[in-house]
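From a predicted model like this one, the values you see are computed outputs, not experimental measurements. Throughout, protein chains are lettered first and strands after them, A, B, ... in sequence-line order, and every chain is numbered starting at 1.
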2 protein chains.
Amino acid sequence: MTELEQYIKSYFGVVDNDDLQNIVSLFKLTTIKKGDFLLKTGNRCEKLSFVQSGLLRMFVITEDKEVTQWISTKGYFTTDLSSLVFETPSRWTIQALVDSNLYTITKDDYKKIGSLVPKWHELEKLFIVRCFTILEDRIFSHLSMTAEERYHFFFENNRELFNQVPLQFIASMLGMTPETFSRIRKKQIL
Amino acid sequence: MTELEQYIKSYFGVVDNDDLQNIVSLFKLTTIKKGDFLLKTGNRCEKLSFVQSGLLRMFVITEDKEVTQWISTKGYFTTDLSSLVFETPSRWTIQALVDSNLYTITKDDYKKIGSLVPKWHELEKLFIVRCFTILEDRIFSHLSMTAEERYHFFFENNRELFNQVPLQFIASMLGMTPETFSRIRKKQIL
DNA sequence: TCTTGCTCTTGACAAAAATCAAGAAATTAC
DNA sequence: GTAATTTCTTGATTTTTGTCAAGAGCAAGA
């Protein structure tokens, strides 16, 4: 079983083998070089990608700063879901932080899955509910935790990321400045 | 066309009439009295409700405070989606802030819709993507805005709510204390 | 009507986090 | 290997937000 097949199974649950093959066949292994853009704010999002290896950052530049919304690591998907599904202009820019390999499906093929695999919409729905829940938890963290608590929580669950990406991006993703992040970090080490 | 039919149409898009009837028939009009609980943290969520009239607050009590995650007004749905779908213990408590009327579907019936209306999973997926997008925007607001900016943004889009519910709940939902909320408010009036 | 609770506001103060500025450390590019 | 960039840290200071405590305003109920 390929890595993609395993992902699909673990994200979308049990799928029979024909369906799995149908799904997998629509994803193509693509590469993206460090610094290149998978998507830019304002454009239509034309694809959905699972990260096979590498790192991608989803962010947006506002008048006065750059805001990192999420960093996708191995096993995560990356896309502007709303733009992909509703064909609206993308809110996010997605850029590769390092050379990365992605399993990518085009919008056209994405729209076809439903007819090839009847169960797809249901599986995908469950997958999106899981993502929805993660976002709910993230909102909760902003309603109930201090910057320091958010730092700890994230650190415990994503240690590896801390020596793979510029820390300022993690700081932004957690809703604090690089300075505050650095000071919290210092406390930890002492 | 009943109000519920209109909701379904506006949330889930165009549905043919048979499907619409099938869906609508599974929702029952229920009432809930001010102060009563639709769901309590730790319990299984056994239903999904659309608010026909009234107000419901989704919150959780932590060691040191009570956190309001969302207030559902007319037209919104209310449930612990994750608990409903995955049958995990509910994270949220949902309580009626005033006597409310709800269109409610039980978990059993909810699970049946897919077989009665094949297109259901796809429609529901689109609906959840819209909710997902709203949560993304909310996270963005915490990454990029001050308490005052969040206040303005929310106020502009939800003026009515400000004289219908205790302001402390809105404060919590926006991630600030009642005191900060009150001070921002004062500034606005002057 | 008069309590009794809530809820909201206000002030004084404390804590948390942001900003600004400078310099160190690490990476990348030549 | 060295210079040039970028990233990270640190200190000083300001701003924002939270905490605590008291009181005002309202509303529901006896």
Side-chain angles (χ1 to χ4, degrees), chain A residues 33-36 54-55 57 59 61-68 71 95-99 139-155 159 161-190, chain B residues 33-36 55 57 59 61-68 71 95-99 139-155 158-159 161-190:
Chain A
K33 287 223 168 300
K34 174 174 179 172
D36 284 355
L55 295 163
R57 180 170 72 108
F59 66 97
I61 297 170
T62 68
E63 301 159 43
D64 52 344
K65 59 185 162 186
E66 193 184 279
V67 176
T68 296
I71 295 168
Q95 186 180 27
L97 291 174
V98 299
D99 293 354
I139 289 172
F140 179 75
S141 79
H142 284 279
L143 302 186
S144 65
M145 297 180 188
T146 62
E148 194 163 342
E149 289 167 333
R150 290 199 300 280
Y151 174 95
H152 289 315
F153 193 79
F154 189 78
F155 181 73
R159 281 170 187 271
L161 204 58
F162 284 65
N163 39 38
Q164 293 185 311
V165 306
L167 299 177
Q168 53 180 313
F169 296 154
I170 300 180
S172 172
M173 194 175 145
L174 295 176
M176 66 187 83
T177 60
E179 292 94 335
T180 296
F181 188 92
S182 176
R183 290 185 178 107
I184 291 172
R185 233 167 148 241
K186 192 182 177 187
K187 271 198 207 167
Q188 289 329 108
I189 297 160
L190 300 179
Chain B
K33 289 224 167 301
K34 173 172 178 173
D36 284 354
L55 294 163
R57 180 170 74 108
F59 66 97
I61 297 170
T62 68
E63 303 159 42
D64 52 344
K65 59 184 161 184
E66 192 184 280
V67 177
T68 297
I71 295 168
Q95 186 180 26
L97 291 175
V98 298
D99 292 354
I139 290 172
F140 179 75
S141 79
H142 284 278
L143 302 186
S144 65
M145 297 180 187
T146 62
E148 193 164 344
E149 288 167 332
R150 289 198 301 280
Y151 174 95
H152 289 316
F153 193 79
F154 189 78
F155 180 73
N158 303 274
R159 283 172 186 268
L161 205 57
F162 284 65
N163 39 38
Q164 295 185 309
V165 306
L167 298 177
Q168 54 181 315
F169 297 154
I170 300 180
S172 173
M173 193 175 146
L174 294 177
M176 65 188 83
T177 60
E179 292 93 336
T180 296
F181 189 91
S182 175
R183 290 185 178 108
I184 291 171
R185 235 168 144 241
K186 191 180 177 189
K187 270 198 207 170
Q188 286 333 105
I189 297 161
L190 302 179

Under 4.0 Å between a side-chain N or O of [X] and OP1 or OP2 of [N]?
X	N	answer
B/T146	D/dT16	no
A/T177	C/dA18	yes
B/R183	C/dT9	no
A/K186	D/dG11	yes
B/T180	D/dG18	yes

B/K34 or B/M176: which one's nearest nucleotide on DNA chain D is closer to the 5' end?
-> B/M176
Starting at CD1 of B/I184 and ending at C1' of D/dG18, how long is that distance when rounded to a whole Å?
-> 12 Å
Figure out the CD/C1' separation between A/E148 and C/dA18, and round it to whole Å.
-> 16 Å
Roughly how far, to the nearest 0.5 Å, is CZ of B/R150 from OG of B/S144?
-> 9.0 Å
Hey, could you give me the CD/CG distance between B/Q95 and B/L55, rounded to the nearest 0.5 Å?
-> 12.0 Å
Testing B/V98, B/L97, B/T68 for side-chain contact (heavy atoms from CB on, under 4.5 Å) with B/V165, which one passes?
-> B/L97
C/dC20 base to A/E179 side chain: any donor-acceptor pair below 3.5 Å?
-> yes
